[in-house]
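Residues: numbered from 1 along the sequence shown. Note that this is a predicted model, so its numbers are computed, not measured.
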Amino acid sequence: YQRRVHGVQCLDEDGFGNYSSAEVCNFKASLERWRFTFTLHCQEEFRNLRETFGIKTNAYANSLRGYRNERFDGGASGAIMFLSVDSRYIVKQLTDSECKVLKEIALTYSRHMQENPSSLLVHILQLCSVRMYHETLHFMVLENVFYRATKGRYDISQIYDLKGSWIARNAKAIPRGHKSRCRLCNEKYVVGESTSQRCPWSATGRHKPDHTLKDNDLNDKIYLPEMFKIELKHVIEKDTLFLVSHHIMDYSLLLGINQRPIHVEDNSNNRPLPEQEIFHIVDDGGMKALLVIGPGTYYMGIIDILQKWNIKKRAEWITKWILWKDVKGISCVEPAYYRERFLEGLDNILGDPDELRVPGSVQRRQTTTTSYEIINGNELDEPSNVSNIIEEAPVTIHSSPQRDIELMIPKNKKMEYWS
């Protein structure tokens with residue numbers, strides 16, 4: 001292309017020989033139509049961020065040499081999105097206003113992330129613009145919040161987009177005939193065609209669609225150790241304070257839940273029951289389950305952090321207020337109240353660990369050298385002795401990007417099966 005452009009310039013100097021001026025203009029116009037430019041914005045800030053996150057330049061470039069799972073309907077904006085070949089990075093198209101906001105906050109965002117390594121704000125690694133066909137497209141490269149899950153043994157079972165609002169915050173059902181992934185067995189299937197495909201983990205045999213759920217779809221609380229619960233709230237308070245300082249709202253807490261099977265010990269040893277006992281009411285008026293499926297790992301990150309409270313958002317607020325008559329429950333509100341409601345919603349979904357400390361349940365006592373399990377009032381000398389009781393123990397919560405937190409299973413998911 002450069003040779004052809006330089007050739008035109010040379011022909012210009014030589015008078016284009018026998019070509020008419022109209023033909024020369026048409027030729028130049030055709031070249032201009034195919035011209036494209038690639039521009040990197042705020043290079044120093046994002047280079048420092050990649051170094052802060054420990055991302056090597058060569059590895060970063062190799063990841064972006066290819067792509068997978070491209071989407072042309074990403075989110076409500078219909079933006080172009082695709083994953084890198086290793087699923088670590090997401091390339092997402094931005095609107096002109098989002099690109100402008102990111103350039104405005106790039107310096108302070110870089111400082112905030114460097115000063116707060118435990119921040120839950122999504123890792124934005126690069127901002128670029130491509131101009132072609134007289135159109136300019138903006139793209140950013142960000143780190144996948146669920147990248148660690150793709151490296152592990154388990155996949156994400158449920159994904160929630162949480163804003164703290166409640167008006168129109170229910171996920172839409174997936175239409176029949178569309179492809180989805182089962183959140184129980186993780187197999188791909190076609191919605192509505194359950195006759196030829198069965199889910200081994202479902203009581204009905206039907207697959208459960210894996211799609212992004214919203215605030216009103218989250219029915220279970222998240223139980224964490226008290227110290228991690230406090231730290232999580234502290235980190236999110238600092239992150240949202242940073243967003244409010246830039247008049248940003250409409251962000252979301254992206255929550256991924258990994259469901260894991262937990263096998264419960266069978267204490268019966270196949271012994272026959274005494275004649276006076278009825279088998280189906282022998283355990284607390286019922287029969288004890290041998291398998292429980294519950295949350296094993298949480299993945300978190302704050303996404304969609306480029307929406308400013310402007311005239312367009314004010315107009316959206318007025319429209320939704322007239323439509324819903326609930327100024328507090330709509331998602332589009334001014335930044336200070338959005339943050340207040342967001343933090344209140346976080347308090348509502350975080351359970352109190354004291355609720356788990358019930359008599360006869362599985363409890364963990366922390367010591368300086370090892371940890372012990374107390375089951376049925378008997379202390380086990382070694383943690384390895386628990387392996388024959390719980391095959392898949394609850395392990396960690398990953399609060400993107402660097403925080404690993406041990407998980408506590410809620411009572412109704414595990415502990416009620418111990419007496």
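With sequence neighbours excluded, no residue forms a side chain to side chain donor-acceptor pair (under 3.5 Å) with His234. In this structure, Tyr160 has no ring pair (Phe, Tyr, Trp, His ring centres under 6.0 Å) partners at least two apart in sequence or on a different chain. For Tyr251, the ring pair (Phe, Tyr, Trp, His ring centres under 6.0 Å) partners two or more places apart in sequence, or in a different chain, are Tyr338, Phe342. Qualifying side chain to side chain donor-acceptor pair (under 3.5 Å) partners for Trp309, counting only residues two or more places apart in sequence or in other chains: none. For Glu104, the side chain to side chain contact (heavy atoms under 4.5 Å, CB included) partners at least two apart in sequence or on another chain are Lys100, Lys308.
Within the structure, salt bridge (charged side-chain N to carboxylate O under 4.0 Å, His left out) contacts touching residues 107-123 (residues at least two apart or in different chains) do not occur.
None of Arg50, Gln126, Arg88 except one satisfies the side-chain hydrogen bond (donor to acceptor under 3.5 Å, both in side chains) rule with Tyr60; the exception is Gln126.
If you check the side chains of Arg260 and Asn258, you find a donor sitting under 3.5 Å from an acceptor.
We find that Arg65 and Asp86 are not joined by a salt bridge, their nearest charged nitrogen and carboxylate oxygen being 4.0 Å or further apart.
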Inset, instruction - Before giving the answer on side-chain contact (heavy atoms from CB on, under 4.5 Å), spell out for Thr37 and Val130 the whole-Å C-alpha distance, their side-chain angles and the decisive distance to 0.1 Å. - result: CA-CA 6 Å; Thr37 57; Val130 180; over 6 Å; no
Exercise for review: Walk me through it: do Lys238 and Ser119 pass the test side-chain contact (heavy atoms from CB on, under 4.5 Å)?
Suggested key: CA-CA 8 Å; Lys238 294 181 66 175; Ser119 171; over 6 Å; no
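Between Phe146 and Tyr299, the ring planes are perpendicular. Angles over 60° get that label, and only those under 30° would be called parallel.
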